[in-house]
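One is the number of the first residue; the rest follow in order along the sequence.
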Amino acid sequence: MLSVEVALCFDLPMQIHTGFGDKDLDLRLSNPLHLRTLLEDERFSKCRIVLLHASYPFSKEASYLASVYPQVYLDFGLAVPKLSVHGMVSSVKELLELAPIKKVMFSTDGFAFPETFYLGAKKAREVVFSVLRDACMDGDISIPEAVEAAKDIFAQNAIHFYKIKVAVKSSGLKNIVSPIYEKTMTNAPLNDVSLIRMIWVDASGQHRCRVIPVKRFNNVITKNGVGLTHACMAMSSAADCPADGTNLTGVGEIRLMPDLSTKRRIPWSKQEEMVLADMHFKPGEAWDYCPREALRRISKVLKDEFNLVVNAGFENEFYLLKKELREGKEEWVPFDSTPYCSTSAFDAASSLFHDFVAALQSLDIPVEQLHAEAGKGQFEMAMGHGVCTNAADNLVFTREVIRAVARNHGLLATFVPKYTLDDIGSGSHVHISLWENGENVFMPSDGSSQYGMSKIGEEFMAGVLNHLPSILAFTAPVPNSYDRIQPNMWSGAYQCWGKENREAPLRTACPPGIPNGIVSNFEIKSFDGCANPHLGLASIIAAGIDGLRRHLSLPDPIGKGFDELFEFDGGGFVGGVVGADPVEEAEGLSAGGGAAAEDAVDEVGGDSEAELVEGLFHVEVAADDIGDVVDGRRSSSLW
């Protein structure tokens, strides 16, 4: 009582240790409800009292006191970071169940060693983000209210409680909200959303989804996921059954877990949202066959071992088809028959592309340019580059947008590599660059480079070139892919590289704004719309890591005269990619590079991914042999 009287006399705040902390305390006596006699004493009704340590494990009791007694405030220091992640989140949630946000604050309560201050500050931000994000998703508060709450918890409430005379500079909303928070919360479910699509992409490039009512999604699925058979990753584009040789069957189940950072409002279906799903053996434990996890895993190896990050940018080529009545039968035919970059082609499709761009902008996916391609009814849309994991996610959403918006216009969009055998194929070319500490280090630091690229850029690219036939098993995964990869089709039919050479599978690029002769990225042309983008990028990075580990060098670039360098033998090009057999190459990353490459491919997914791709390719070949060619056109469920 004397301490409270002194604090009141000098208008000082009073900190009271409640809940866990010192080893010699009796936890039974540290329940803050024991303070009720003090709090109800009228003499101390004006005293400012803060209960420390979130009063853990009596957080609910503390929240009650703060809601009833105007002089009681709460501080969750020490609970963060001493408790488990679940304990930290749950204790802060319990404090906010009844207590006004204006009465909850954080202090690091660091002691013993300086790292405690850092850990407390770091974990507190993560915990508060998690709590406020969930509150927004549940509809308890809005995004601006969540931002205001974060400011109060970390600064304003303490300033008010301790009467600190300090001017706090207020920033605008865009400067306060972190990119991850903004990306997640701007897509929080609105009241009119009724269904959520959980999307995954299998090894043959098929986009699949489970659709969940929003209430069940929020209450159950976000924590427990959706059950899915092991066979889901062993289905080919020809049949919805597990392919032989993949080691995956209808026995066993995984969990599809939504990645809430990817949740988006569907532009063409306003009462629905979509979210990309990870595959877990059980919640919290990634499945070996999860494509998104494979890309994250190999990206972490590149970062940990070389402090490098891969940026990727995709070019989407696709055909637009329209219905036409021919001899009394309705058929899908090319949208038009105009040449490359035709203005009339774009005029005809202008309204469609306005809808494409608007939908992609609403999903925060950058579009760099678009134009008519060389095929009849073929178009291309080039996307902006970004961190490879985001680029792969964005490619999935982009394909969804193109298909759906085209369908709404009465058209059919297909990404199949070779829609018709007598016209140009469609690829999903990807541009690759290496970044370190926010700078593009694929470019040389000076002008002395032999090929206009840095040494690490050359070694990475040399690894990709060396393992190109193996990479094709992931980037060109179906027989139709090899109808496209043919000479004189600008599809990369030779195992070589060139400077601004669009016939080579690997092309170094010097885009506008880059000094002449300097390479900022390289393009991989033998990547198509049947590829799972996460597995394709993972295989490329694994090959690049092998090149860095073994300090590989590039051969001389190929300019003109392909026919002189590669002798056509009727079944492929000797020394070229065309003759490669992806079935034999599925494990080629490890077979062709020794121990270093074995390590790289193991970090992608090891034998399991190679075995999966090999088994699927056998099935695709069999389906192709049965008769996938109809009237010179490839029928495909990949449309």
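With respect to Lys122 and Glu126, a salt bridge is recorded, a charged nitrogen being found less than 4.0 Å from a carboxylate O. A salt bridge does not link Asp278 with Arg255: every distance from a Lys NZ or Arg NE/NH1/NH2 to an Asp or Glu carboxylate oxygen is 4.0 Å or more. A salt bridge between Asp192 and Lys270 is absent, with no side-chain N of the basic residue lying under 4.0 Å from a carboxylate O of the acidic one. A salt bridge between Glu272 and Arg265 is absent, with no side-chain N of the basic residue lying under 4.0 Å from a carboxylate O of the acidic one.
A perpendicular orientation is assigned to the rings of Phe20 and Tyr56, their planes being inclined by more than 60° (bins at 30° and 60°). The aromatic rings of Phe527 and Phe314 sit perpendicular to each other, their planes meeting at more than 60°, with 30° as the lower class boundary. Ring-plane geometry between Phe106 and Phe76 is classed as tilted, the angle between the planes lying from 30 to 60 degrees on a 0 to 90 degree scale.
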- Query: Between Asp546 and Arg550, is a side-chain contact (heavy atoms from CB on, under 4.5 Å) present by the stated rule, with each step listed?
  - Reply: CA-CA 6 Å; Asp546 182 49; Arg550 295 199 286 151; 3.0 Å; yes

- Message: Let's go through Val226 and Arg216 carefully: what are the C-alpha distance in whole Å and the side-chain angles of both, what is the deciding distance for side-chain contact (heavy atoms from CB on, under 4.5 Å) to 0.1 Å, and is it a yes or a no?
- Response: CA-CA 11 Å; Val226 172; Arg216 177 172 174 77; over 6 Å; no

- Item | side-chain hydrogen bond (donor to acceptor under 3.5 Å, both in side chains) assessment of His429 paired with Asp528 | CA-CA 7 Å; His429 311 163; Asp528 65 45; over 6 Å; no

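Atom CZ of Phe306 is surrounded by more than 12 heavy atoms from other residues, nucleotides or ligands within 6.0 Å. Summarising the local packing, NZ of Lys303 is surrounded by more than 12 heavy atoms from other residues, nucleotides or ligands at distances under 6.0 Å.
Side-chain atoms of Ser84 come within 3.5 Å of backbone atoms of Gly87 as a donor-acceptor pair (strictly under, hydrogens ignored).
Counting heavy atoms from C-beta outward, Leu363 and Pro267 have side chains that approach closer than 4.5 Å. Contact annotation: the side chain of Asp355 approaches that of His409 to within less than 4.5 Å [non-hydrogen atoms, C-beta and beyond]. Looking at heavy atoms from C-beta onward, Glu523 lies out of side-chain contact with Val430 at the 4.5 angstrom threshold.
In terms of the ring-ring contact (aromatic ring centres under 6.0 Å, His included) criterion, Phe217 has no residue partners (sequence neighbours excluded).
Applying side chain to side chain contact (heavy atoms under 4.5 Å, CB included) to Glu273 and the options Leu195, Ile212, Ile196 leaves one that passes, Ile196.
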